[in-house]
Amino acid sequence: MKSLLAILFLAAVLFGAWWLFFKTDGPHDNAPKQESISLGKHTPEFNQSVSNSVNSYLDMKSAFVEADTFQVKNEAQKFITMMDSVKLDDLQKEDSQIVMAARQEISDIKANAQAILMENDITEMRQDFRMVSENLYPFLRTIGYEGEKLYWQNCPMAFGDGKEGNWLSNTKEIINPYLGKHDPQFKASMLNCGEIKDTIK
């Protein structure tokens, strides 16, 4: 009788140990994985608004490659509208310093894009585009950009010897918006002048 009680007691202890260690560990194993999946993710609406702005910037870059001042101004105006439409309110639940920095960067981006609209000389317009790019690049870093991969590209002689220019591209191929296809000095020979300095993803 005692041996039967001992066996039942041992079975109860083993069952209790199994329940404690195996049944309760399951949910704990899954919980951190679910948390890390959602951490740092933006809303689809926010990401779409940023992607729209990036695509508009890329359209403006293409107009600079063609040295089409009329099209550059059209694309610059569209770009300003897209930047106005970035849903920064979706970042309010995150660090307020990020939101403040993003707002300032958008203000700087728009100011330089608006300067493009005031110019008629393609070289001056490209200088303003250079500043748009210099402000858009850190903005995308600040907000934790989650769109398609972008390449930060550089031409060391965009405005002459020692005067570089940077821009963003969605392809590895260098298509220079500062020297373009119709440069008065180089024609299209410097269209692919430049190199990739960084990537954003």
Side-chain angles (χ1 to χ4, degrees), residues 36-66 71-117 125-156 158-159 163-180 192-201:
S36 64
I37 287 170
S38 62
L39 186 63
K41 294 292 182 183
H42 302 312
T43 65
E45 293 78 14
F46 175 79
N47 284 336
Q48 186 61 58
S49 70
V50 173
S51 292
N52 289 343
S53 296
V54 169
N55 290 336
S56 186
Y57 166 89
L58 295 172
D59 288 341
M60 180 168 53
K61 177 183 73 78
S62 295
F64 273 111
V65 170
E66 300 292 340
Q71 190 62 26
V72 163
K73 289 190 178 189
N74 279 345
E75 300 301 343
Q77 187 61 67
K78 291 176 189 175
F79 174 68
I80 292 166
T81 301
M82 290 297 103
M83 290 304 300
D84 274 332
S85 302
V86 172
K87 297 184 179 299
L88 279 185
D89 288 347
D90 287 7
L91 292 178
Q92 292 289 2
K93 52 183 169 287
E94 299 181 12
D95 190 338
S96 61
Q97 290 183 332
I98 292 175
V99 176
M100 287 176 60
R103 288 194 191 284
Q104 182 58 55
E105 286 162 348
I106 285 179
S107 177
D108 294 340
I109 290 165
K110 286 170 53 185
N112 286 295
Q114 285 162 348
I116 292 172
L117 301 177
M125 296 167 85
R126 281 172 166 151
Q127 286 282 10
D128 293 324
F129 175 74
R130 180 180 67 84
M131 292 309 302
V132 168
S133 303
E134 292 291 345
N135 286 298
L136 185 60
Y137 172 68
F139 168 74
L140 296 175
R141 291 284 191 200
T142 297
I143 63 169
Y145 173 72
E146 294 176 349
E148 67 172 307
K149 191 172 188 177
L150 297 172
Y151 301 91
W152 183 235
Q153 299 177 337
N154 169 273
C155 173
F159 298 98
K163 297 177 183 177
E164 66 177 5
N166 297 299
W167 70 95
L168 287 162
S169 175
N170 59 345
T171 65
K172 287 184 177 181
E173 182 184 9
I174 302 294
I175 303 177
N176 193 317
Y178 300 113
L179 297 175
N192 305 119
C193 173
E195 62 179 329
I196 295 171
K197 289 287 193 178
D198 195 12
T199 57
I200 303 178
K201 180 67 177 94

Contacts of [X] that satisfy side chain to side chain contact (heavy atoms under 4.5 Å, CB included) - sequence neighbours left out:
| X | result |
| --- | --- |
| D128 | A115, I116, E119 |
| A158 | C155, Y178 |
| R141 | Y137, D198, I200 |
| T171 | S169, E173 |

Residues forming a salt bridge (charged side-chain N to carboxylate O under 4.0 Å, His left out) with [X], sequence neighbours excluded:
| X | answer |
| --- | --- |
| K197 | E195 |
| D108 | none |
| E66 | K181 |

From [X] atom [atom1] to [Y] atom [atom2], the distance as rounded to the nearest 0.5 Å:
| X | Y | atom1 | atom2 | answer |
| --- | --- | --- | --- | --- |
| E146 | T43 | CD | OG1 | 9.0 Å |
| K61 | E75 | NZ | CD | 12.0 Å |
| Q153 | T199 | CD | OG1 | 11.0 Å |
| T142 | M100 | OG1 | CE | 12.5 Å |
| D89 | S49 | CG | OG | 10.5 Å |

Please list, chain by chain and in numerical order, all residues satisfying side chain to side chain donor-acceptor pair (under 3.5 Å) with [X], sequence neighbours excluded.
| X | value |
| --- | --- |
| K78 | none |
| Y151 | none |
| Y57 | S133 |
| R126 | none |

[X] side chain near [Y] side chain, heavy-atom distance below 4.5 Å:
| X | Y | result |
| --- | --- | --- |
| H42 | K87 | no |
| N74 | D59 | no |
| L88 | F46 | yes |
| V54 | Y145 | yes |
| E105 | N135 | no |

If I compare all heavy atoms of [X] with all of [Y], which pair ends up nearest, and what's the gap?
| X | Y | value |
| --- | --- | --- |
| F64 | M125 | CZ-O, 3.5 Å |
| W167 | I175 | NE1-O, 3.9 Å |
| L140 | L168 | CD1-CD1, 3.9 Å |
| C193 | I174 | O-CG2, 3.4 Å |
| A76 | A113 | CB-O, 4.2 Å |

Under 3.5 Å, is there a donor-acceptor pair between the side chain of S107 and the main chain of R103?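 No; judged by distance alone, with no hydrogens or angles, the pair does not exist.
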Whether the side chain of K201 engages the backbone of E148 through a donor-acceptor N/O pair (distance < 3.5 Å, no angle test) should be reported.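 Side chain of K201 to backbone of E148, a donor-acceptor pair under 3.5 Å: no, none is there.
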Below 3.5 Å, can you tabulate the donor-acceptor pairs from side chains in residues 79-86 to any protein atom, sequence neighbours excluded?
{"residue": "T81", "atom": "OG1", "partner": "Q77", "partner atom": "O", "Å": "3.2"}
{"residue": "D84", "atom": "OD1", "partner": "K110", "partner atom": "NZ", "Å": "2.5"}
{"residue": "S85", "atom": "OG", "partner": "T81", "partner atom": "O", "Å": "2.9"}

